[in-house]
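Scope of the values below: all heavy atoms of this structure, side chains included, with no hydrogens, waters or symmetry mates. Residue indices begin at 1 and follow the sequence shown.
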Amino acid sequence: ASLLTGRYQTRSGIFPGVFYPGSIGGLPLNETTIAEVLKPLGYATAAVGKWHLGYGANGIFLPTKQGFDQYLGIPYSHDQGPCHNLTCFPPDVKCFGWCDIGVVTVPLVHNDRIKQQPVNFLDLERAYRYFATNFIITSAKKKQPFFLYYPSHGILLGQHQSTLQSLSQQQSNIQQ
């Protein structure tokens with residue numbers, strides 16, 4: 001929220017943390033995002049990736065309601081839905097975290113509609129890359145300035161790899 005609004009998250013009501021599948025709220029609609037500032041200046045705006053700032057009834061808190069022309073992504077983390085034995089990162093890194101706390105599988109949302117549920121995480125980065133490339137090329141052909149916001153869920157991969165290495169090392173030590 002801070003990056004998009006220029007305000008501390010506590011002042012935006014986004015504290016302490018993030019929104020979950022069952023959360024009622026989201027980034028308040030009266031908060032001005034960078035996309036809402038750039039749009040009147042002629043910018044094309046898009047968000048791709050993990051939104052994590054609320055879904056709400058009928059998608060009221062999705063990026064397309066917060067100044068973005070287009071959106072493709074997941075509305076919360078990969079581990080905030082049923083994910084037992086689900087592969088989150090290629091080639092075969094299993095999901096960790098608060099898996100299975102809810103009953104709603106993580107959706108892939110395009111603009112304000114669910115495109116796929118559950119999302120296929122192994123194809124997600126490819127879909128993001130295609131969406132982002134298309135958006136940039138289209139904007140460039142129109143000679144239109146653009147703003148692309150891309151918070152990838154993939155940044156957590158390093159966290160999971162170190163966890164896997166640690167677990168693997170512990171298992172080796174136990175077996176010896």
field: With Lys39 via salt bridge (charged side-chain N to carboxylate O under 4.0 Å, His left out) - residues at least two apart
entry: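 Listed in chain order: Asp69.
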Looking only at heavy atoms, which two atoms of [X] and [Y] are closest? And how far apart?
X	Y	result
Gly49	Tyr71	O-OH, 3.4 Å
Ala46	Phe131	CB-CE2, 4.2 Å
Val119	Pro107	CB-C, 4.2 Å

Checklist entry - More than 12 heavy atoms of other residues, nucleotides or ligands under 6.0 Å from CD1 of Ile24: is that the case? => result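 Counting neighbours around CD1 of Ile24, 12 or fewer heavy atoms of other residues, nucleotides or ligands fall under 6.0 Å, so no.
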Note to self: Within the supplied structure, the quantity of interest is the number of heavy atoms (other residues, nucleotides, ligands) at a distance under 6.0 Å from Tyr150 OH; does it exceed 12?
What the structure shows: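 More than 12 heavy atoms, drawn from other residues, nucleotides or ligands, come within 6.0 Å of this atom.
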Hey, does [Y] have a side-chain heavy atom less than 4.5 Å from the side chain of [X]?
X	Y	result
Tyr55	Ile60	no
Tyr76	Val106	yes
Pro145	Ser139	no
Ile114	Leu108	no

Hey, is the main chain of [Y] close enough, under 3.5 Å, to the side chain of [X] for a donor-acceptor pair?
X	Y	answer
Asn120	Leu122	yes
Gln66	Leu27	yes
Glu31	Pro28	no
Trp51	Phe61	yes
Thr45	Gly67	yes

Take Val109 and Leu62, measure what side-chain contact (heavy atoms from CB on, under 4.5 Å) needs, and give me the verdict at the end.
CA-CA 9 Å; Val109 178; Leu62 288 173; 3.9 Å; yes
Distance in Å, [X] [atom1] paired with [Y] [atom2], rounded so as to fall on 0.5 Å steps:
X	Y	atom1	atom2	result
Arg126	Tyr128	CZ	OH	13.5 Å
Asp112	Thr64	CG	OG1	5.0 Å
Lys141	Thr138	NZ	OG1	7.0 Å
Asn134	Gln70	CG	CD	8.5 Å
Thr5	Glu36	OG1	CD	10.5 Å

Cluster check [X], [Y]: I/L/V/M/F/W/Y, side chain < 4.5 angstrom:
X	Y	answer
Phe146	Val37	no
Leu29	Leu53	no
Leu3	Tyr43	yes
Leu41	Phe147	yes

- Criterion side-chain contact (heavy atoms from CB on, under 4.5 Å) on Phe68 and Leu4, from CA distance to verdict: CA-CA 11 Å; Phe68 289 94; Leu4 291 175; 4.0 Å; yes
